[in-house]
Amino acid sequence: MEDKNSLESQQDVYDRVKKTISGCIEDKLDCVIKAPPSSGKSYSSAQVIADKGIHAAYFTARRDLYGEFKQWCEDRGLTVKILPSMPEDCDSYDSGEGSSTPSKAYKLYHRGISPRTIHHETEACHPACEYARKLPELKGEYNKDIPLNKYDVLIGNTKHSHVEPFVRGRTVFFDDISKQAFIKEHEVTESKLTAILEDDSFPCNSVDFIYETRGSEEFRQRAIEALDDLDFEPRTDESATTHSDAVKIVSTILKSEDLGNGFAVYGYEDTDSSDEEDYIGVKDGDRSVYLLNRPGFVGNNRGISPDTIIVLTGYPVEHGNLSFPVWLNWRLGVHTELIEPLSQPERKKYYSDIMGLSVVQTSEDVKPYSSGEYVTPQRDAKLIKLVARDHNEDVPIISTKKALTQYDEDELPISDKMNFANVESNNQFRKEDVGIVLGSPEWRIHHQVRLIGAFLDQSVEWNEKKGTEKSFGDVGDPIMRAFQKDIVGQAILRFGRDESVEESTVYVHTDAIPDDIPVSEKPDEMVGGSYVSTENQILRYLRDEGLDQFEINDIDGEIEASRSSISKEVKKSDRFELIEKGSGPIPDVWGIGCDV
């Protein structure tokens with residue numbers, strides 16, 4: 001399937017990606033296509049849909065891509081429908097920001113009540129609502145005898161993939177599917193479970209009692225039997241608070257099996273299961289339950305369902321045996337193959353030669369900045385000043401939320417900030433030709449690594465050590481490293497994505513860089529692995545100026561260091577040596593030789 005011809009231009013990359021997508025559809029191969037950012041994944045998909053005359057569903061977290069993809073399809077004569085979204089299209093959906101209470105429609109939706117129920121069976125919204133106006137045309141969402149095949153392409157978000165009529169008989173595209181897709185976190189509260197706790201047939205009348213019941217197998221079985229016999233229907237009246245997932249939440253607490261690390265899992269099974277109620281529940285040690293609700297697919301031996309599933313991604317999570325398909329398969333409930341249109345050397349060439357990306361690594365440490373504890377604001381501030389000075393402009397930065405709060409925008413040349421949590425599919429910095437990535441995220445790593453392990457039915461534990469000795473074992477370490485490098489890679493590739501940017505330079509203050517991103521400045525080229533040390537600043541300045549000897553006066557004011565710091569550094573470093581008096585540019589003053 002892969003064309004082995006060399007890549008010399010952006011068009012070569014487009015053609016390779018298009019050919020890969022086309023081949024997977026011809027072979028009816030459920031796959032994850034790993035292609036670099038700006039390689040035409042979305043655009044090529046629209047071309048292939050039109051060329052092959054297939055029915056497709058296109059799901060993406062990027063609302064801004066809806067209109068763009070719709071236009072690409074319509075330019076090729078395809079009929080397109082953007083599926084309605086409650087938060088985007090419902091006139092009554094209001095979070096209540098700035099007022100005393102959110103709307104009834106908002107509260108019902110966040111209690112898990114379906115948009116159809118909200119608009120057809122309650123008075124939470126009015127009949128002229130934009131969502132309600134679109135709904136009759138899409139009754140196939142809830143009534144399978146209303147066909148949707150008059151549309152060549154349906155466009156929506158990942159939640160729409162749960163609706164079987166939206167995916168039936170179509171090639172389903174997921175564009176940059178997020179790591180949290182299909183997973184819902186519930187803080188376990190009394191109000192979410194009220195209808196169950198108040199039912200006389202259920203032996204537990206509080207959340208505490210439900211958790212305590214796990215300690216007695218006899219009481220636990222009694223509670224499970226009562227729960228299984230419970231006739232639960234979510235209410236939609238104003239006073240009701242019970243969440244539609246209440247039974248799943250309680251089932252997870254009661255039925256999950258302990259993994260020995262504070263987490264327990266329920267429902268882990270073969271990812272090819274065809275059970276309509278198929279879900280995995282995970283209980284953590286902090287009174288939260290996580291539910292994995294898979295889309296409306298019925299395994300790889302599906303009859304009526306997607307024709308083919310194609311996941312488009314720029315940076316799949318993969319590390320050793322933890323490949324992206326493994327991470328994705330149990331969430332989708334299908335088996336996918338990882339397909340790479342470009343080899344790793346080709347991706348490196350694409351980033352450096354075609355995208356014009358230059359990555360300068362400024363630290364050889366991982367620098368986990370999520371907690372805020374290991375942030376080095378003074379050293380980071382020096383780096384920000386150095387970069388801004390070298391490029392003669394304020395610079396945008398990406399880091400963790402807690403790190404960003406420690407950088408004073410009023411005192412530093414920072415043009416804009418982005419949180420690591422927001423980098424996926426974010427084009428905010430696409431026209432920036434210079435940027436800085438500071439530190440690496442641990443993505444609530446101590447909790448999340450164990451949570452992911454639990455979803456994989458694996459017990460993951462931290463060895464209680466920090467820094468380079470921190471470990472989560474054979475299962476957890478690949479998860480931790482993969483997610484760190486994935487997010488850092490995503491951050492690096494936020495800069496200079498626009499076609500108007502011919503070259504971009506990204507300074508990366510961490511060692512957690514994906515292997516396929518070429519690094520221009522290596523840590524071993526920096527004394528002590530520090531890009532901002534006075535010694536390295538002097539060496540870079542001399543190298544850039546082509547000097548092999550200098551006076552302090554030559555350097556003073558040219559780098560981010562005081563005259564006294566420069567003097568101390570050149571006297572103690574074995575990279576510099578005093579030479580004859582008068583040999584420098586100033587007569588009768590000692591000069592300094594330099595090994596550059």
Side-chain angles (χ1 to χ4, degrees), residues 110-114 162 180 182-236 240-296 330-331 333 444 446-461 475:
H110 285 274
R111 280 178 43 218
I113 306 301
S114 73
H162 285 80
Q180 288 76 36
F182 314 128
I183 298 175
K184 186 186 297 183
E185 178 181 358
H186 285 288
E187 181 183 354
V188 183
T189 62
E190 305 278 342
S191 61
K192 282 186 178 180
L193 309 179
T194 300
I196 294 177
L197 297 175
E198 293 181 350
D199 193 294
D200 292 338
S201 66
F202 188 67
C204 305
N205 59 10
S206 71
V207 169
D208 287 342
F209 201 168
I210 296 175
Y211 277 95
E212 289 168 7
T213 299
R214 288 181 58 88
S216 168
E217 192 60 31
E218 179 183 348
F219 284 115
R220 182 182 186 184
Q221 287 305 317
R222 278 178 53 195
I224 289 173
E225 290 171 9
L227 181 67
D228 291 342
D229 292 339
L230 201 66
D231 187 15
F232 171 74
E233 287 291 337
R235 287 164 46 194
T236 59
T241 62
T242 306
H243 198 281
S244 62
D245 284 336
V247 172
K248 291 181 178 180
I249 294 170
V250 177
S251 290
T252 299
I253 298 172
L254 292 174
K255 299 178 182 180
S256 56
E257 297 298 324
D258 287 324
L259 293 171
N261 63 346
F263 285 73
V265 61
Y266 167 71
Y268 183 83
E269 54 188 298
D270 194 312
T271 55
D272 286 344
S273 170
S274 60
D275 183 356
E276 291 183 1
E277 293 298 315
D278 179 33
Y279 73 95
I280 299 176
V282 169
K283 178 189 77 67
D284 71 5
D286 299 318
R287 291 291 178 97
S288 287
V289 164
Y290 299 80
L291 299 177
L292 168 64
N293 292 294
R294 290 171 171 146
W330 56 267
R331 287 192 292 153
R444 294 171 60 197
H446 291 209
H447 182 277
Q448 292 293 340
V449 169
R450 287 180 291 171
L451 174 63
I452 295 167
F455 272 120
L456 296 171
D457 202 28
Q458 299 283 336
S459 178
V460 174
E461 295 195 57
V475 175

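Source: prediction; values computed, not measured. Numbers for residues simply follow the sequence, beginning at 1.
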| Going through the distances and angles, do V282 and R450 end up as a side-chain contact (heavy atoms from CB on, under 4.5 Å)? | CA-CA 10 Å; V282 169; R450 287 180 291 171; over 6 Å; no

[X] versus [Y], closest heavy-atom pair with distance:
X: H162; Y: N293; value: NE2-O, 2.8 Å
X: G281; Y: L291; value: CA-CD2, 4.0 Å
X: R235; Y: I113; value: O-CD1, 4.2 Å
X: Y211; Y: S288; value: OH-N, 4.3 Å
X: C204; Y: F209; value: CA-CD1, 3.7 Å
X: G112; Y: H243; value: N-NE2, 3.6 Å

Please round to the nearest 0.5 Å and tell me the distance separating atom [atom1] of [X] and atom [atom2] of [Y].
X: S251; Y: L230; atom1: OG; atom2: CG; answer: 10.0 Å
X: H447; Y: I452; atom1: NE2; atom2: CD1; answer: 10.5 Å
X: L193; Y: E198; atom1: CG; atom2: CD; answer: 11.0 Å
X: S244; Y: H110; atom1: OG; atom2: NE2; answer: 12.0 Å
X: Y290; Y: I183; atom1: OH; atom2: CD1; answer: 10.0 Å

Using a 3.5 Å cut-off and no angle test, enumerate the donor-acceptor pairs between side-chain atoms of residues 256-266 and protein atoms at least two apart in sequence or in another chain.
{"unit_1": "S256", "atom_1": "OG", "unit_2": "R214", "atom_2": "NH1", "d": "3.0"}
{"unit_1": "S256", "atom_1": "OG", "unit_2": "T252", "atom_2": "O", "d": "2.5"}
{"unit_1": "D258", "atom_1": "OD1", "unit_2": "R214", "atom_2": "NH2", "d": "2.8"}
{"unit_1": "D258", "atom_1": "OD2", "unit_2": "R214", "atom_2": "NH2", "d": "3.4"}
{"unit_1": "N261", "atom_1": "OD1", "unit_2": "F263", "atom_2": "N", "d": "3.2"}
{"unit_1": "N261", "atom_1": "ND2", "unit_2": "V460", "atom_2": "O", "d": "2.7"}

State, yes or no, whether a side-chain contact exists between [X] and [Y] at a heavy-atom distance under 4.5 Å.
X: I280; Y: R294; result: yes
X: L197; Y: I210; result: yes
X: V207; Y: T189; result: no
X: D208; Y: E212; result: yes

| message | Check whether R111 reaches the backbone of T236 with its side chain - one donor and one acceptor, N or O, closer than 3.5 Å. | response | no

| message | Please check: side-chain N/O of T241 versus main-chain N/O of S191, any donor-acceptor pairing under 3.5 Å? | response | yes

| Check ion pair E217-R220 (N to O, under 4.0 angstrom) | yes

| query | Given F232, which of L227, T242, D199, V250 fulfils the side chain to side chain contact (heavy atoms under 4.5 Å, CB included) condition? | reply | T242

| request: Sequence neighbours left out, what passes salt bridge (Lys or Arg N to Asp or Glu O under 4.0 Å) with D245? Give chain and number order. | output: K184

| request: In sequence, state the C-alpha distance, the side-chain angles, and the governing distance for D284 and L451, and then conclude on side-chain contact (heavy atoms from CB on, under 4.5 Å). | output: CA-CA 8 Å; D284 71 5; L451 174 63; 5.9 Å; no

